[in-house]
Amino acid sequence: MATDTLKSTSSADSATGGLRRLLLDNGALSALIVLVIAMSALSGDFLTTDNLLNVGVQAAVTAILAFGVTFVIVSAGIDLSVGSVAALSATVLAWSATSHGVPVLIAVLLAVVTGIAAGLVNGFLIAYGKLPPFIATLAMLSVARGLSLVISEGSPIAFPDSVSHLGDTLGGWLPVPVLVMVVMGLLAAFVLGRTYIGRSMYAIGGNEEAARLSGLRVKKQKLAIYALSGVFAAVAGVVLAARLSSAQPQAADGYELDAIAAVVIGGASLAGGTGKASGTLIGALILAVLRNGLNLLNVSAFWQQVVIGVVIALAVLLDTLRRKAGATPVAGASQGGKGRQAATYGLAAVVTVAIVGATSFLHNGSSSTANPKVGLSLSTLNNPFFVQIRSGAQAEAKKLGVDLTVTDAQNDASQQANQLQNFTSSNLGAIIVNPVDSDAASNSVKAADQAKIPVIAVDRGVNKASVDALVASDNVAGGELAAKSIGEKLGGKGKIVILQGQAGTSAARERAAGFAQGLKAYPDIQVVAQQPADFDRTKGLDVMSNLLQAHPDVQGVIAANDEMALGAIKALGSKAGTSVSVVGFDGTPDGLNAVKDGTLYASVAQQPSQLGKIAVDNALKALEGKKVEETIKVPVKVVTKENVAGFTG
């Protein structure tokens, strides 16, 4: 009897230990399964064919970048430059194919060569220059981004139609970016598992000195490893630009962190020696499922960053636990190990389908709602102007009984494309979009049009796509008013500087065009400097401080928004409002307070709360099938100390 009890206990312990080992060996896969089940239970819009394809598309660019980063991390390195290299490669392709008439095939090869060249420079600095990988790739991050801005002159470049098809679908349902992701994933798995350089990566990451003593040419291998990372970055850049129909000089900003996160979540160790392509793919899918699901659940973009940070920390913690528990390393694997891994993935797929299928019954018949649903995608919520648009929209939605979902694209055209895709695949009646870039939003708006979802553009229009209405002030006309204000204040002569907005954004281009047009009426006003400060108050302070060193006698400042104007005022100190007149743009609360105080001479106010209110009104009209005007102009107004008291915004 005692023997039977002992055997039973041992068997149970063995089963528990086996399950524990299975979960530890496949922590990322377990996390992905749990996430899919949880999102399916929480949102009835998650488990649809269109939305699952959206998840694949949204994971594609991060996954392709991450496959290249996997090579580097397996060899105990790091590559912070992949996002900027992706943007540079796409810019080279678009610039050479459109501006210089280079055949598209050769332009694509130039883009790939650009990625290889950037990778080789990284590898040379690390292997032969003895620079730490962090420093070398950080330098390349800045160089590649700067070159992208120089080549494009800060503006998006339209992509050739033949390359833009990479962002389309095959057969009307299978997205090409997903196919490219799969192909690049298979290539990465082949390199890691079946080639000499793949084995070298594991050897260098496991013990670089031992690899060198065993006869491995470590320096040359590092050159090849970083060159491979550059190739994958170039492919990712082309896929991303194809989705947006244009090469954006600011594209993929911060994507290197997502790529590294995907690799780590997938089970690779930053210490090197472990990692695999399948784990990286799972890591990228986890990030995509998280963002997609949290968008569908209307979770703030700020909290999304918190959640993703927690997931990354938990992934590293799991890696530590796995090592302490003696779990199977994820480097090379035997044929038997690969067979067990395939069986594990197959079993996981079966279990996931079964549980998700069961949870889908929770949402049968429960998707209807009494309130109309509208989605609002804002370019950023890090700017008071757009915060006021949101406030106006939310107040009107509450008044009209509209269920309003608000997302923040954080000035990332690709992230906004993802959000608009999520809106389209969800049960929304109408979409309001404030584009990060007017060209980049076109494909997403076209998809909404095909789904018969009304689209209202607010503040900025959408090029090459049809919207039901545009609710906006005229940025060019506003820029002209700003120029007229400073011209009249200075009596038609003097020296001024212009603080430009974020390079590549339509608002920055249009306001700059307005400034230039308005200043033509004042030939005796000299623009001594024009510099971008990215719509940011801190950068406005820094840039203005620098310009004052070269131009201490400046008499006026035009800033493309109030935030930069407030930074300039801080740099000017006692000169602001006395010997130097500053004109801002937007009419934000802080800007209006500065006008009252006399430090800001004027602000070209666009009444952002009214923009949000009118956008919701027209979205509801379009949703109900009522006729809406194609263009609804909200008047801009120059607010000075004389009329600020009566201005409400």
Side-chain angles (χ1 to χ4, degrees), residues 61 65 81-104 106-115 117-118 140-164 166-167 230 233-256 379 409 411-417 435-443 460 462-464 475 498-513 515-516 530-535 539 543 560:
V61 173
L65 283 175
S81 68
V82 289
S84 296
V85 171
L88 176 59
S89 299
T91 301
V92 167
L93 192 163
W95 174 74
S96 57
T98 58
S99 300
H100 296 275
V102 175
V104 170
I106 296 177
V108 171
L109 290 176
L110 284 175
V112 174
V113 168
T114 300
M140 180 55 69
L141 177 152
S142 181
V143 169
R145 183 70 64 185
L147 288 175
S148 179
L149 289 166
V150 168
I151 293 171
S152 66
E153 297 181 350
S155 300
I157 304 176
F159 238 43
D161 291 338
S162 54
V163 183
S164 292
L166 284 174
V235 173
V238 172
V239 171
L240 175 59
R243 280 193 67 204
L244 303 177
S245 295
S246 61
Q248 305 274 329
Q250 294 286 10
D253 187 20
Y255 280 35
E256 57 277 350
S379 57
N411 277 325
D412 183 342
S414 176
Q415 188 167 331
Q416 185 165 65
V436 172
D437 181 81
S438 299
D439 291 316
S442 62
N443 284 346
R460 303 165 186 165
V462 179
N463 297 335
K464 302 177 184 177
N475 275 318
I498 296 177
L499 299 183
Q500 301 168 326
Q502 185 174 20
T505 60
S506 57
R509 295 196 304 272
E510 291 166 3
R511 293 179 186 185
F515 298 155
Q530 299 187 63
Q531 288 293 325
D534 298 345
F535 293 128
K539 290 184 179 179
V543 172

What's the separation between atom [atom1] in [X] and atom [atom2] in [Y], rounded to the nearest 0.5 Å?
X	Y	atom1	atom2	value
Leu499	Arg511	CG	CZ	13.0 Å
Asp439	Leu244	CG	CG	10.0 Å
Asn411	Gln502	CG	CD	4.5 Å
Leu110	Ser89	CG	OG	10.5 Å
Leu240	Ser246	CG	OG	9.0 Å
Glu153	Ser148	CD	OG	12.0 Å

I need the minimum non-hydrogen distance between [X] and [Y], along with the two atoms involved.
X	Y	result
Ala440	Gln248	CB-NE2, 3.5 Å
Ala560	Gly501	CB-N, 3.8 Å
Arg145	Pro249	NH1-O, 3.0 Å
Ala107	Val102	N-CG1, 3.9 Å
Asn443	Ser245	ND2-OG, 2.8 Å
Arg460	Ser438	CB-OG, 4.4 Å

For a 4.5 angstrom cut-off between non-hydrogen side-chain atoms, does [X] reach [Y]?
X	Y	value
Ile151	Val92	yes
Asp437	Arg509	yes
Pro435	Gln416	yes

Handout entry: Partner of Leu88 by side chain to side chain contact (heavy atoms under 4.5 Å, CB included), out of Thr114, Leu149, Leu93
Key =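 For Leu88, the side chain to side chain contact (heavy atoms under 4.5 Å, CB included) test succeeds with only one of Thr114, Leu149, Leu93, which is Thr114.
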Practice task
Take Thr91 and Ser152 through the test side-chain hydrogen bond (donor to acceptor under 3.5 Å, both in side chains) and record every step on the way to the result.
Solution key: CA-CA 7 Å; Thr91 301; Ser152 66; 5.3 Å; no
